[in-house]
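Structure, as structure tokens:
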Number of protein chains: 2
Amino acid sequence: MKNKNGNTVPEKNIERLLLYRRILANLRREKKTAVFSHQLALMSDASPAQVRRDFMLIGYFGSPVRGYDIDQLIQSINEFVDAQEVQKVTLVGVGHLGRAILNYFQGRSDKLAITAAFDRNPEKVGRVLHGIHCYPTERIQEIVKAEGIDVAIITVPESEAQDVADRLVQAGIRGILNYAPIKLNLPPEIFVDNRDMLLAVEKIAFFARRRIRKESVS
Amino acid sequence: MKNKNGNTVPEKNIERLLLYRRILANLRREKKTAVFSHQLALMSDASPAQVRRDFMLIGYFGSPVRGYDIDQLIQSINEFVDAQEVQKVTLVGVGHLGRAILNYFQGRSDKLAITAAFDRNPEKVGRVLHGIHCYPTERIQEIVKAEGIDVAIITVPESEAQDVADRLVQAGIRGILNYAPIKLNLPPEIFVDNRDMLLAVEKIAFFARRRIRKESVS
DNA sequence: TATCCGCTGTGAATTTGATAACAACGTTAT
DNA sequence: ATAACGTTGTTATCAAATTCACAGCGGATA
Ligand SMILES: NC(=O)c1ccc[n+]([C@@H]2O[C@H](COP(=O)([O-])OP(=O)(O)OC[C@H]3O[C@@H](n4cnc5c(N)ncnc54)[C@H](O)[C@@H]3O)[C@@H](O)[C@H]2O)c1
Ligand SMILES: NC(=O)c1ccc[n+]([C@@H]2O[C@H](COP(=O)([O-])OP(=O)(O)OC[C@H]3O[C@@H](n4cnc5c(N)ncnc54)[C@H](O)[C@@H]3O)[C@@H](O)[C@H]2O)c1
């Protein structure tokens, strides 16, 4: 969690870098080859100064005349945020939400791959859903360790989430994306991101009433 | 948009207040009647001082001896964040993700209700999914206006999202929860929250790799 | 009674994050 | 030539968010 200067990298910087990367990939598809900070700023709801600061962080330098070379910039972001090899991801709880996510994830990233799913429902175990093999929950320890998976997505019911999380951590997982509406109690070195759709709608409902002009990204 | 002191309310404060409310509701179910700031802090990953500051914002005062009365505190948060009447929500795109969300949402909130869904697939139109009637996309304008819906959840494919968002705004929507991986171009008074699962996993993968194991001191 | 205790509410201090501002520098126009 | 231009990298400034730290208080203790 330290950058080359020995300081910790703030979460927000990483979020923005990942967003820039997606935008850049789209621009490249449109045959663009270079971009200025103010253009990226518009497309990402950041300020031009912030865009430039973010690129300072990863040590990429643009040209005052041509701006940022899109291919090189993507490459620099890749080097900063990606692992050397593909990082493996697992999903636990192949229900409504789990299947939607498996479906969405497929082929979207070349540096992340969901390589196994788990469920405790015997009807789902053994099947292949959206290209992913589904194993029984009991085999989490075995398979996560064998495959070297280090990120997990939890989409089991609220009541099961803590238990599943404990097993995953036991098996060596380092980061969790948790969709169950509950705070997981885990050791501090595990990076957890909670995604609660109900809290999100409640927040939007609040600001929709109050007419705040703002856009948030996550 | 303004609190009692005339200042705009930061998004983060609202997020935390909504989280406290959920935690408080759980505590009440366990027959607890009061809680201290340091207890809430533990359960919400905030600091005790921050918890107290958040309650300053909504003007609720606890007792140094008994702490915060759970029922009263919930009531105060309700008064601050909830609308007078139920706020109506719609969902557009009843696919994998859309159905998962309809399923999850049902009966979870008494101040928010999904009262209509939309899809352009004739097979889905006219059906009732998870208790919600599904209408054709062409009727967005008509039904959103008639029902007075002011928040929308977008779960259509990327290529359709901007068009759907434009229609919704046209129909009077004030806030959008957008699950399509694209930045919506909308007037600034519309509150938009983008939820991108892929960016989330990328971020977690980054910190999962980099997070330093905290050594326990013995 | 007097003393101690643990918590709240909050002003002040600190930390963190965002913006402004500008020197430096190729490019273009004249 | 050289002046004007537009953008970058970066420092200085500003703003927001968080934490600190402590007065004040009601209850418990002796
Ligand atoms: N954050 C969001 O946007 C959002 C949206 C919808 C649902 N959710 C949450 O996601 C979770 C799943 O929702 P859903 O609608 O997909 O539910 P679901 O019932 O359709 O799916 C749950 C799946 O988990 C499996 N499961 C249950 N216990 C398990 C265990 N111990 N180990 C492995 N698998 C187990 C079940 O067999 C089932 O396949 C719930 O916690 C729900 O609250 C979140
Ligand atoms: N952020 C996340 O976590 C996440 C996860 C999964 C999917 N997604 C995104 O959510 C969206 C939906 O994903 P999905 O897996 O449910 O896809 P899906 O194909 O299963 O569902 C899409 C639905 O939208 C309907 N639709 C298409 N065009 C429409 C239009 N113009 N008006 C109304 N309805 C229309 C289709 O008929 C279908 O029912 C996609 O944009 C996907 O990228 C996001």
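Letters A, B, ... mirror the listed sequences (proteins, then strands); counts begin at 1. Excluded from the calculations below are hydrogen atoms, water molecules and symmetry mates; all remaining heavy atoms, backbone and side chain alike, are included. Source: prediction; values computed, not measured.
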Going by atom types only, do B:Asp166 and B:Gln162 share a side-chain donor-acceptor pair under 3.5 Å?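 B:Gln162 and B:Asp166 do have a side-chain donor-acceptor pair below 3.5 Å.
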
Cut-off 3.5 Å, side chains only: do B:Arg209 and A:Gln87 have a donor facing an acceptor?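 The criterion, which ignores hydrogens and geometry beyond distance, is satisfied for A:Gln87 and B:Arg209.
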
Give me the first and last nucleotide of DNA chain D, going 5' to 3', that has any atom under 4.0 Å from a heavy atom of chain A.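 Range of nucleotides touched by chain A: D:dT7 to D:dA12.
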
All N/O contacts under 3.5 Å from nucleotides 8-11 of chain C to the protein, with atom names and distances to one decimal?
| residue | atom | partner | partner atom | Å |
| --- | --- | --- | --- | --- |
| C:dT8 | OP1 | B:Ser37 | N | 3.0 |
| C:dT8 | OP2 | B:Ser37 | OG | 2.7 |
| C:dT8 | O3' | B:Gly62 | O | 3.4 |
| C:dG9 | OP1 | B:Gly62 | N | 2.5 |
| C:dG9 | OP1 | B:Gly62 | O | 3.4 |
| C:dG9 | OP2 | B:Tyr68 | OH | 2.8 |
| C:dG9 | N7 | B:Arg52 | NE | 2.9 |
| C:dG9 | O6 | B:Arg52 | NH2 | 3.0 |
| C:dG11 | O6 | B:Arg53 | NH1 | 3.2 |

Could you check whether any side-chain heavy atom of [X] comes within less than 4.5 Å of a side-chain heavy atom of [Y], counting everything from C-beta outward?
{"X": "B:Leu199", "Y": "B:Asn194", "answer": "no"}
{"X": "A:Val144", "Y": "A:Ile173", "answer": "yes"}
{"X": "A:Val81", "Y": "B:Glu202", "answer": "no"}
{"X": "A:Tyr20", "Y": "A:Leu17", "answer": "yes"}

Between atom [atom1] in [X] and atom [atom2] in [N], what is the gap in whole Å?
{"X": "A:Glu15", "N": "C:dA18", "atom1": "CD", "atom2": "P", "result": "10 Å"}
{"X": "A:Asp54", "N": "C:dG17", "atom1": "CG", "atom2": "P", "result": "11 Å"}
{"X": "A:Gln50", "N": "C:dT16", "atom1": "CD", "atom2": "P", "result": "17 Å"}
{"X": "A:Asp45", "N": "C:dA18", "atom1": "CG", "atom2": "C1'", "result": "15 Å"}
{"X": "A:Lys12", "N": "C:dT16", "atom1": "NZ", "atom2": "C1'", "result": "10 Å"}

Aromatic rings B:Tyr68 and B:Tyr60: how do their planes relate, parallel, tilted or perpendicular, breaks at 30° and 60°?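 B:Tyr68 and B:Tyr60: tilted rings.
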
Quick one: side chains of residues 89-99 of chain A, donor-acceptor pairs under 3.5 Å with protein atoms, not counting sequence neighbours, listed by atom name and distance.
| residue | atom | partner | partner atom | Å |
| --- | --- | --- | --- | --- |
| A:Thr90 | OG1 | A:Ala116 | O | 2.7 |
| A:Arg99 | NH1 | A:Val94 | O | 3.3 |

Just to be sure I understand the rule, does B:Pro48 reach a base, reach only the sugar-phosphate, or reach nothing, if contact means heavy atoms closer than 4.0 Å?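 The answer is nothing, as B:Pro48 stays clear of every strand by at least 4.0 Å.
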
